4 protein chains.
Amino acid sequence: MSEHRRGPARSEVARVAILEATARQFATRGYDHLTMEGIAADAKVGKQTIYRWWSSKGALVADCLIEGLLLPDDLNPPDTGDLRADLTDWLGSILAIAQHPGGEALMRSLISAAAENEDVGRRLHESLGASSSLIVRLQAGVDAGQLPAGAPLTEIGEALVGAVILRAISRVPAEEATTARLVQAVLPAG
Amino acid sequence: MSEHRRGPARSEVARVAILEATARQFATRGYDHLTMEGIAADAKVGKQTIYRWWSSKGALVADCLIEGLLLPDDLNPPDTGDLRADLTDWLGSILAIAQHPGGEALMRSLISAAAENEDVGRRLHESLGASSSLIVRLQAGVDAGQLPAGAPLTEIGEALVGAVILRAISRVPAEEATTARLVQAVLPAG
Amino acid sequence: MSEHRRGPARSEVARVAILEATARQFATRGYDHLTMEGIAADAKVGKQTIYRWWSSKGALVADCLIEGLLLPDDLNPPDTGDLRADLTDWLGSILAIAQHPGGEALMRSLISAAAENEDVGRRLHESLGASSSLIVRLQAGVDAGQLPAGAPLTEIGEALVGAVILRAISRVPAEEATTARLVQAVLPAG
Amino acid sequence: MSEHRRGPARSEVARVAILEATARQFATRGYDHLTMEGIAADAKVGKQTIYRWWSSKGALVADCLIEGLLLPDDLNPPDTGDLRADLTDWLGSILAIAQHPGGEALMRSLISAAAENEDVGRRLHESLGASSSLIVRLQAGVDAGQLPAGAPLTEIGEALVGAVILRAISRVPAEEATTARLVQAVLPAG
DNA sequence: AAATAAACGAGACGGTACGTCCCGTCTTAGA
DNA sequence: TCTAAGACGGGACGTACCGTCTCGTTTATTT
C-alpha cells in the first residue's frame with residue numbers, strides 16, 4: 001500500500017545538509033551572491049539533488065525560513081502588561097539585532113529575497129506578519145483597554161514592521177529615541 | 001581656468017543614453033535580470049563607457065532615481081485641509097500604482113535594489129523619506145491642529161511608507177478598506 | 001577497475017567539433033585573428049568546454065597538428081633512386097603549396113604559432129623535423145652511396161626545411177631554379 | 001619654397017621616443033603582447049601620434065629593425081681566411097645569443113613578427129638575408145677557392161639562417177657539435 | 001536472489017553575463 | 001597643425017554560474 005515508487009527514498013541527510021548550507025551561505029554572502037554551486041559544494045551534494053527538490057534559490061531560502069534557520073526564534077514581544085513599554089522593548093531588540101554587524105546585512109538580504117521571490121515574501125509575511133505574536137500582543141493590549149476596541153491591529157503591526165524594514169533599506173542608523181517615537185506614532189494616546 | 005584635465009570631455013549624449021537605457025531595462029526586466037551588457041546594447045554604447053563612470057548597476061540605478069527616471073513625480077499628497085482624507089487619498093494612489101501590472105514589479109525591484117545597494121537605499125530614502133512632501137503635509141496637519149504639536153512626524157511617515165513596502169514584498173493585495181485602516185493606525189483620534 | 005573519476009566522460013563529439021572548428025578558422029583567418037569565441041561559435045560549443053581541456057589557442061593548434069588537420073599528409077619525398085631529383089621534386093611540391101593563395105598564409109600562420117607557442121613548436125618539429133620521412137629518404141641516399149656515410153643528415157634536413165621557412169617569412173617568391181640551387185647547396189657533389 | 005604645409009613639423013623627439021619604447025616593449029614582452037597603448041604610455045606620447053605616422057605595430061617594429069634597435073650590429077661573420085672555421089664561429093655566436101635568456105624569446109618574437117607582417121618580413125630579409133655580410137663572406141670563400149665557382153651562395157646562406165630559425169621555433173637546444181655539423185651540411189668537401 | 005529503478009556524488013555540457021584589456025577613431029586644450 | 005591626454009564604440013578575453021544532462025554507485029522495492 002506504499003506510495004513509494006521504488007528505489008531509495010529521499011535522503012534526509014542531504015535535505016538537511018542543503019538547507020544548512022543555504023543558511024550558512026546566506027548569512028555569509030547575502031541573497032545575491034548565493035550560488036547553487038556554492039551551496040552544493042558546501043553541502044557536499046550534487047547540484048541535481050538540489051534541483052530535484054527545489055525549483056530555485058528562492059524556494060530554498062523560503063524553506064530555510066520555515067525551518068527557522070535564518071531568523072532567531074525569540075522575536076516575540078514581551079507581555080508585562082504595559083503595551084507601550086513592551087512594544088518599545090521589542091522594537092529595541094529588533095533594531096539591536098539589525099545593528100550588530102552581519103545582522104543588518106542578513107536583514108537586507110531577507111528583504112531582497114522577499115522582493116525578488118514570491119515564496120520568500122509569503123513566508124516572511126507569515127513569520128513577521130499577520131498571525132504573529134505581535135498581533136497577539138496588540139490584541140492583549142485591546143483586552144487590557146490600552147488600545148481602543150476597533151483599532152486596526154493588523155495595520156498597526158504592519159506600520160511597525162514596515163518602519164523597521166524601511167530603516168534597514170535606507171541605512172538610517174537607529175538612534176536611542178527612535179523606538180519610543182515610533183511606538184508613539186502608532187500609540188499616540190500616551 | 002578650466003578644471004578640465006585635457007582630452008575630450010565626458011559625453012553628455014552617452015551619459016543620458018545610458019541612464020535612459022537603464023530606466024527602460026529596469027522597468028522591463030526588474031533589478032535582478034538587469035545586465036550591464038543589455039544596458040550597453042540598448043544605449044548603443046561600449047561597456048567600458050558605463051564602467052568608466054559607474055561602479056555597479058546599483059550606482060546606475062541610484063543615478064536614475066536622482067534624475068527622476070524611475071518614479072513618477074506626482075507622488076505628493078494633496079492638501080485639501082483634511083489631513084485624514086488627504087493621507088488616505090495619497091496611500092490609495094500609491095497602492096493603485098503598485099497594483100497595476102508592472103507597477104508592483106517596479107516597486108519590488110526598487111526595494112531589492114535598495115536592499116542590495118547602499119546608494120540606491122540612500123537615494124530612495126531621500127526621495128520617499130524624511131525630507132519629503134509627506135512630512136511637509138504632516139507638518140501642515142500639525143499647524144492646522146489635526147495632529148498634536150509634538151507628534152513624531154518622521155516616524156509617522158516611516159510607518160506609512162514602511163507599511164506600503166511591507167505589503168509590496170509580502171504580496172498582500174491591498175483591499176479597499178486597507179488605506180483607511182492604515183491611516184487610522186497612525187491618526188487614531190478620528 | 002575504471003580510471004574514470006565519476007560523472008560524465010569527456011564528450012568526443014565536442015572534442016572533434018572544436019578541433020575541426022579550429023582548423024577551419026586557422027585556415028580562414030590565420031593564427032593571429034584566431035579567437036576562442038570564434039572557435040566556440042563555429043563548433044557550437046560553450047567557451048568553457050574549450051578552456052576545460054586546452055589552456056590556450058596554441059595548445060589547440062598543436063592538437064590540430066597532431067590530428068593532421070592542418071597539414072596535408074603527402075609531404076613525403078618520393079624515392080625513385082635519384083636523391084637529387086627526389087629532393088628537388090619534394091621542395092618543388094612544398095613551394096607549390098606555399099605558392100597558391102591561402103597556402104602561403106597558412107604556412108606563415110603555422111610559423112607564427114610555432115614561434116609563439118612551445119607546444120606548436122615541438123609538434124611542428126616532430127612533423128617536419130628530425131624523425132620525419134625526409135631523414136628516411138636521406139638515409140636511403142646514404143645507403144645508395146649518393147651521400148657520404150658520415151653526412152649530417154639531421155642538419156641537412158634542417159637546412160632544407162629552414163630555407164623554406166625563411167622564404168615564407170621573407171615573402172621572397174620562389175623561382176623555377178630555386179629548388180635546384182637549394183638542393184645543390186646541400187648536395188654539392190652533383 | 002618650403003614643402004612644409006603649416007604648423008609645427010613632425011617632432012623628432014616623439015619619433016625617437018616611440019621607436020625606443022617599441023624596442024623596449026618588444027624585448028620585454030615579445031611581439032604578441034606588444035600593445036599600442038603600452039608603447040604610447042612608455043614613450044609618453046599620445047596614441048594618435050603613433051597612428052599618424054605608422055599604420056600598425058608591424059610597421060613600427062619594421063622601423064625599429066631599420067634603425068637597428070632590435071638586433072645587435074656585430075652579427076657579421078669573421079674573415080680569418082678559413083671559411084669553415086669562420087662560419088662555425090659565426091653560427092656559434094648566433095646560437096649563443098639565442099641561448100641566453102631573453103635572446104631566444106626575442107628571436108622568436110622577431111620570427112613571429114615577420115610571419116605576421118609583410119614589412120617586418122622584408123626588413124628581416126634585408127638584414128639577415130641576401131645582400132648581407134654572410135653572402136660577402138661566402139663570396140670571399142669562392143675567391144679563395146674554398147667554394148666552387150658556381151656555388152649557390154644565396155641558397156647556402158638561406159640554408160644556414162633557415163636552420164637557425166627552425167631551431168628557434170622548434171625549441172631544440174643547440175649542442176656543441178651542432179654548428180660544425182650544420183656547416184658541414186653546406187660545405188661538405190672538408 | 002535477481003532484476004529493476006530511483007536517488008545520489010560528481011561533473012561535463014551549451015550558454016549568458018561578468019569586468020577588463022586593448023583596438024583604432026575622435027575630441028579637446030595647449031604649444 | 002602637431003601634440004599629450006583620453007573618451008568613445010566595439011571585440012575578445014578568461015572566469016563564474018546557470019540549469020540540464022550523463023555517468024557509475026548505492027539503496028530499496030518488486031518479481
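Residue numbers begin at 1 in each chain, while the letters A, B, ... track the order of the sequences. Because the structure is a prediction, the values reported are computed rather than measured.
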Checklist entry - Is the count of non-hydrogen atoms from other residues, nucleotides or ligands lying under 6.0 Å from C/R52 atom CZ greater than 12? => result yes

Checklist outcome for this item: Between CH2 of D/W54 and P of E/dT25 the distance, given in whole Å, is 16 Å

Item to check | Distance-only donor-acceptor test, A/K47 side-chain atoms vs F/dG19 base atoms, 3.5 Å | outcome: yes

Next on the checklist: Please compare C/R15 and B/M36 by the position of their nearest nucleotide in DNA chain E and report the one closer to 5'.
Outcome noted: C/R15

Item to check | d(CD1, D/I18; C1', F/dA4) in whole Å | outcome: 11 Å

Next on the checklist: Counting only side-chain heavy atoms from C-beta out, which of E/dA12, F/dA12, F/dT20 sits nearest to C/T35?
Outcome noted: F/dA12

Checklist entry - Just how far, in rounded Å, is C1' of F/dC13 from CD1 of C/I50? => result 12 Å

Item to check | Where protein sits on nucleotides 1-6 of chain E, one letter per nucleotide: B base, S sugar-phosphate only, - none, heavy atoms under 4.0 Å | outcome: ---BBB

Checklist entry - Could you give the CD1-to-C1' distance, from D/I39 to F/dG6, as a whole number of Å? => result 18 Å

Checklist entry - Can you tell which of B/V120, B/T22, B/I18 makes a side chain to side chain contact (heavy atoms under 4.5 Å, CB included) with B/C64? => result B/T22

Next on the checklist: Does F/dC8 have its OP1 or OP2 closer than 4.0 Å to a side-chain nitrogen or oxygen of B/W53?
Outcome noted: yes

Checklist entry - Between D/N117 and D/Y31, which heavy-atom pair has the shortest distance, and what is it? => result CB-OH, 4.1 Å

Item to check | Candidates F/dC8, E/dC13, E/dG14 - which lies nearest the side chain of B/S11 | outcome: F/dC8

Next on the checklist: With side chain to side chain contact (heavy atoms under 4.5 Å, CB included) as the test, pick out the partner of B/D42 among B/E37, B/E20, B/Q25.
Outcome noted: B/Q25

Next on the checklist: In whole Å, I'd like the distance from the CD atom of A/E37 to the P atom of F/dC17.
Outcome noted: 7 Å

Checklist entry - How long is the line joining CZ of C/R52 and C1' of F/dG14, in whole Å? => result 14 Å

Checklist entry - C/Y51 OH to F/dA12 C1': how many Å, rounded? => result 8 Å

Item to check | Nucleotide F/dC18, atom C1' - distance to NE2 of A/H33 in whole Å | outcome: 16 Å

Checklist entry - About how many Å separate CG of C/L34 and OG of C/S112, when rounded to the nearest 0.5 Å? => result 10.0 Å

Next on the checklist: Over all strands shown, is A/K44 touching base, sugar-phosphate only, or nothing at heavy-atom distances under 4.0 angstrom?
Outcome noted: sugar-phosphate

Item to check | Minimum-distance nucleotide to A/Q48 side chain [options: F/dA4, F/dC21, E/dA12] | outcome: F/dC21

Next on the checklist: Under the criterion side-chain contact (heavy atoms from CB on, under 4.5 Å), I'd like the reasoning laid out for D/W54 against D/R15: C-alpha separation, chi angles, the key distance, then a yes or no.
Outcome noted: CA-CA 10 Å; D/W54 291 275; D/R15 196 191 126 259; 3.8 Å; yes

Checklist entry - Between the main-chain N or O of D/A168 and the side-chain N or O of D/R108, is there a donor-acceptor pair closer than 3.5 Å? => result yes

Item to check | Presence of B/T49 side-chain N/O under 4.0 Å of F/dA7 phosphate oxygens OP1/OP2 | outcome: no

